[in-house]
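First, the structure itself, so that you have it in front of you.
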Amino acid sequence: MHLTYLLEGKEYKIDKPDELISFVQSEEDNRFYLAIKPKKDIVLKQATIVVPFKINTTDRYFLNGYQSWTDTHLSRVGYVENSFKRHSHLLRKVFPLDKYGDVIFYKYRMDRLHSFDVFYSQGENEIYLYNNNYKTAYLIIELQKTKNRLILFSDVENRVIKANETFVIYDYFLSYKYEEGKESFKKKFPKRNIPKLFGYTSWYNYYQNINEEIILRDLSALDDRFDLFQIDDGYETFVGDWLDIDPIKFPNGLKPIIDKIHAKNLKAGIWLAPFVAEEKSKLFQEHKEYFRLDESGNPIKVGVNWSGQYVLDIENEEVIKYIKKCLQYYIDLGFDFFKLDFLYAVNVPNDYTLTRSEISQKAYELLKDILKDKIILGCGATLFNSIGNFDYLRVGPDMTLTFDDVLYMRMMHRERPSTKVTIQNTIYRSFMDQRLFGNDPDVFLLRDENTKLTIEQRKALVYMDALFGSLLLTSDDIATYKDIQKDILSYALRLYYEAEDVNYKVYRKNVHVNYLLDGVRHSFIYHINKGILTDEKEEK
């Protein structure tokens with residue numbers, strides 16, 4: 001283990017206990033634990049452990065992305081990770097897309113791959129590794145392609161350790177047997193009974209262009225198969241001004257709509273982004289003191305959505321009061337389900353005295369404490385911090401009305417919207433479902449209008465969502481469905497509620513999916529680059 005720290009402004013590097021820092025460590029049953037205890041206040045800069053591991057060009061490596069939207073892969077070693085930092089500084093200054101991901105604190109290199117908090121290899125050289133210390137520090141597992149080793153980074157940068165404070169640097173499980181590691185992960189995170197919900201969300205048809213008429217029309221079309229009706233972004237005047245319902249779009253407010261949702265025996269859902277506010281909001285214009293500042297004293301911009309969004313300072317008590325007031329307002333209105341978005345933003349500032357994981361843990365626990373027994377869907381969030389705080393978590397980026405984005409956007413940030421990527425994430429993160437949280441694969445679309453997805457791609461989307469997720473949502477006005485869409489949805493719902501023993505294997509660019517339905521084994525091939533399904537018999 002190599003540890004770098006600052007003491008009174010001077011940098012020190014150690015690989016064993018010294019006269020200032022004592023170690024508490026153990027290694028038993030594939031679990032490695034290391035804590036430190038300094039005699040004086042120090043600031044941690046970096047902690048690394050080298051793990052020998054033979055790289056094989058034919059093996060596949062699971063690479064878990066930083067947050068909900070970050071692309072996640074089961075790839076061979078030749079894969080090259082995309083980094084927005086490779087673009088010009090001017091482009092990044094105008095479009096701060098780097099703020100969505102980990103490029104602001106992790107150094108991308110062409111000869112390396114990396115994964116957050118869980119990593120495994122399938123093939124000739126197996127390994128399974130996961131982080132037990134996720135509430136304290138992210139574990140970044142870096143595969144160095146040319147050196148036959150892994151580097152385990154504990155994300156402790158800038159963490160202030162007080163004199164005589166015991167701080168856990170590492171606590172992880174590692175086995176060189178894939179099946180042994182998989183079973184250990186299951187034991188660590190036993191299966192939970194998270195209800196599967198089938199519902200509607202307004203976003204992927206109207207985006208912010210919603211109003212009372214549209215919402216009530218789509219609500220009226222839902223039948224008794226639905227559990228949830230969620231109003232997404234567009235009901236508020238500006239993002240951040242959550243107490244201001246748009247009086248033109250919703251002249252009667254939201255309460256009458258909630259009552260109609262409940263009258264249909266549906267859960268009423270609402271969308272909020274509690275840690276950000278856009279530039280045009282009253283909150284940003286009138287309360288600059290609510291926002292985290294950079295080293296130049298300017299509010300920190302954390303993305304390009306809306307009029308540009310800025311991150312609130314969750315270490316400010318007035319901000320916490322405001323967040324509580326806003327969420328309580330929607331609780332009092334009668335909402336049952338809260339989709340909380342853009343949660344990655346709390347990790348963008350780099351001047352905390354806590355680790356990034358501790359900040360996210362503190363922020364997510366705040367949301368859980370306020371909402372208590374309400375159903376929470378996290379989105380744009382770090383995954384392991386969501387455990388125990390959110391009922392459901394988005395596991396991929398926003399889907400798109402085309403299968404994949406335009407070429408220049410594919411070269412941008414790893415959190416870009418993409419139907420192709422979100423299905424990919426849904427598959428590869430499926431082992432987390434019903435263990436860490438209920439997986440939300442984002443919505444399916446079956447409608448003919450306002451989409452460029454082919455009917456075969458739409459069919460594949462809903463089937464994959466149904467087989468690998470615990471939320472099944474659409475933004476369609478289902479009253480417009482033709483017989484083909486009705487039939488596809490009916491079968492998808494059978495898959496969603498009744499399919500058992502769902503599993504997959506990856507061959508080249510295809511995913512072979514198997515499942516049991518009515519006691520009969522079924523299988524098909526999902527084509528990752530085409531977004532369509534074919535029967536395995538046809539393929540042979």
Side-chain angles (χ1 to χ4, degrees), residues 68 192-206 210 212 214-216 218-236 239 242 245 250 253-275 323-324 326-343 364-381 386-395 398 433-434 436-444 465 469-476 478 493 496-497:
S68 294
R192 300 160 61 189
N193 186 24
I194 302 170
K196 289 193 172 187
L197 298 179
F198 174 45
Y200 167 96
T201 178
S202 59
W203 182 249
Y204 291 100
N205 204 350
Y206 315 105
I210 56 173
E212 183 178 288
I214 289 171
I215 291 297
L216 292 178
D218 284 11
L219 173 62
S220 68
L222 302 191
D223 53 44
D224 59 7
R225 295 175 297 178
F226 284 80
D227 306 300
L228 168 69
F229 187 95
Q230 184 237 317
I231 301 170
D232 214 282
D233 186 13
Y235 64 89
E236 76 287 1
V239 169
W242 306 115
I245 308 303
F250 294 90
L254 297 180
K255 180 59 176 172
I257 297 174
I258 299 168
D259 292 342
K260 286 182 171 64
I261 294 171
H262 286 157
K264 289 180 71 85
N265 293 316
L266 300 173
K267 293 177 175 60
I270 193 68
W271 172 93
L272 300 101
F275 299 142
I323 292 172
K324 287 181 177 179
C326 292
L327 291 177
Q328 189 62 51
Y329 172 75
Y330 291 94
I331 293 171
D332 294 342
L333 279 177
F335 282 104
D336 314 289
F337 179 99
F338 287 75
K339 178 183 175 182
L340 306 179
D341 210 346
F342 290 82
L343 302 182
Y364 298 2
E365 288 175 0
L366 169 67
L367 299 175
K368 178 63 176 176
D369 182 63
I370 298 168
L371 293 173
K372 295 182 172 61
D373 60 348
K374 299 300 180 182
I375 303 169
I376 305 175
L377 164 61
C379 190
S386 302
I387 300 170
N389 291 315
F390 306 147
D391 304 279
Y392 303 90
L393 188 76
R394 173 78 72 75
V395 291
D398 280 18
D433 186 39
Q434 293 287 325
L436 309 190
F437 29 68
N439 283 12
D440 169 28
D442 208 13
V443 309
F444 70 86
D465 286 0
S470 288
L471 275 180
L472 189 62
L473 303 178
T474 187
S475 291
D476 293 346
I478 67 167
L493 288 173
Y496 187 50
Y497 293 116

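It should be emphasised that the depicted structure is a prediction, and the values quoted were computed from it without experimental measurement.
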From E212 CD over to L219 CG, what is the distance, rounded to the nearest 0.5 angstrom?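 The CG atom of L219 is 11.5 Å from CD of E212, to the nearest 0.5 Å.
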
State which residues pass side chain to side chain donor-acceptor pair (under 3.5 Å) with Y204; sequence neighbours excluded, sorted by chain then number. D398, D442

Within the distance-only criterion (no hydrogens, no angle test), does the side chain of D476 pair as donor or acceptor with the backbone N or O of I478 below 3.5 angstrom?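 No, the answer is negative, given that no donor and acceptor are paired below the 3.5 Å cut-off.
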
Measuring only between side-chain heavy atoms, which start at C-beta, is L377 closer than 4.5 Å to F390? no

Worked verdict on S202 versus I215 for side chain to side chain contact (heavy atoms under 4.5 Å, CB included): CA-CA 8 Å; S202 59; I215 291 297; 3.9 Å; yes

Partners meeting ring-ring contact (aromatic ring centres under 6.0 Å, His included) with F437 (sequence neighbours left out): none

Is Y235 close to I270 at the side-chain level, that is, under 4.5 Å between some pair of heavy atoms?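 A side-chain contact exists here, since the closest heavy-atom pair is under 4.5 Å.
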
Just so I know, are the side chains of L343 and P274 near enough to count as touching, which here means a heavy-atom distance under 4.5 Å?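 Counting from C-beta outward, L343 and P274 do come under 4.5 Å.
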
Enumerate donor-acceptor pairs with a distance under 3.5 Å from any side-chain N or O in residues 333-340 to protein atoms, sequence neighbours excluded.
residue: D336; atom: OD2; partner: H262; partner atom: NE2; Å: 2.8
residue: D336; atom: OD2; partner: A268; partner atom: N; Å: 2.8
residue: K339; atom: NZ; partner: D232; partner atom: OD2; Å: 3.2

Suppose we screen for side chain to side chain donor-acceptor pair (under 3.5 Å). Which residues come up paired with Y206, at least two apart in sequence or across chains?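 Per chain and number, Y206 pairs via side chain to side chain donor-acceptor pair (under 3.5 Å) with R217, D218.
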
Would you say L471 and D465 make side-chain contact, with heavy atoms under 4.5 Å? no

D224 meets the salt bridge (Lys or Arg N to Asp or Glu O under 4.0 Å) criterion, sequence neighbours left out, with none

Considering only heavy atoms from C-beta outward, does the side chain of R225 approach that of L493 to under 4.5 Å?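 They are in contact (side-chain heavy atoms under 4.5 Å apart), so the answer is yes.
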
What residue pairs, at least two apart or across chains, pass salt bridge (charged side-chain N to carboxylate O under 4.0 Å, His left out) with a residue in residues 366-376? none

Between F444 and L473, is the side chain to side chain contact (heavy atoms under 4.5 Å, CB included) condition met? List the steps. CA-CA 6 Å; F444 70 86; L473 303 178; over 6 Å; no

Does the side chain to side chain contact (heavy atoms under 4.5 Å, CB included) test come out yes or no for L371 and L327, once each step is laid out? CA-CA 7 Å; L371 293 173; L327 291 177; 4.3 Å; yes

Determine, stepwise, if the pair F342 / V239 fulfils side chain to side chain contact (heavy atoms under 4.5 Å, CB included). CA-CA 11 Å; F342 290 82; V239 169; over 6 Å; no

Measure the shortest side-chain to side-chain distance between L266 and L228 over non-hydrogen atoms and say whether it is less than 4.5 angstrom. no

Any donor-acceptor N/O pair, R192 side chain to L436 backbone, under 3.5 Å: yes

Restricting to ring-ring contact (aromatic ring centres under 6.0 Å, His included), what partner residues turn up for F229, sequence neighbours left out?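 With neighbours one apart ignored, the set is Y200.
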
Output all residues satisfying ring-ring contact (aromatic ring centres under 6.0 Å, His included) with F198, sequence neighbours left out; order by chain, then residue number. F226

Heavy-atom closest pair, residues L367 and I376: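 Nearest heavy atoms, L367 then I376: O-CD1, 4.3 Å.
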
Minimum-distance pair of heavy atoms, taken over all atoms of I231 and I210: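 Minimum heavy-atom separation between I231 and I210: CG2-CD1, 3.9 Å.
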
Can you sort out the partners of W271 under side chain to side chain donor-acceptor pair (under 3.5 Å), two or more places apart, ordered by chain and number?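 With neighbours one apart ignored, the set is D341.
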
L216 side chain reached by I257 side chain, heavy atoms, under 4.5 Å: yes

Mind checking the CG-CG spacing from N265 to D227? Nearest 0.5 Å is all I need.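 Rounded to the nearest 0.5 Å, the CG-CG separation comes to 10.5 Å.
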
With Q434 via side-chain contact (heavy atoms from CB on, under 4.5 Å) - residues at least two apart: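 For Q434, the residues satisfying side-chain contact (heavy atoms from CB on, under 4.5 Å) (neighbours in sequence not counted) are K191, I194, S470.
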
Euclidean distance, C379 SG relative to L393 CG, rounded to 0.5 Å: 7.5 Å

Show the nearest heavy-atom pair for residues W203 and S475, with the distance to one decimal. N-OG, 3.8 Å

Filter on salt bridge (charged side-chain N to carboxylate O under 4.0 Å, His left out), then keep only pairs touching residues 255-269, sequence neighbours left out; what's left?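 Non-adjacent pairs meeting salt bridge (charged side-chain N to carboxylate O under 4.0 Å, His left out): K255-D259.
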
Do V395 and S68 make a side-chain contact, defined as non-hydrogen atoms from C-beta onward lying under 4.5 Å apart? no

Once side chain to side chain donor-acceptor pair (under 3.5 Å) is applied, do any residues pair with D332, and if so which ones, sequence neighbours excluded?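 Partners of D332 under the side chain to side chain donor-acceptor pair (under 3.5 Å) test: Q328.
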
Could you report the tightest heavy-atom contact between L197 and Y496, atom names first, then the distance?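 That would be O-OH, 2.7 Å.
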
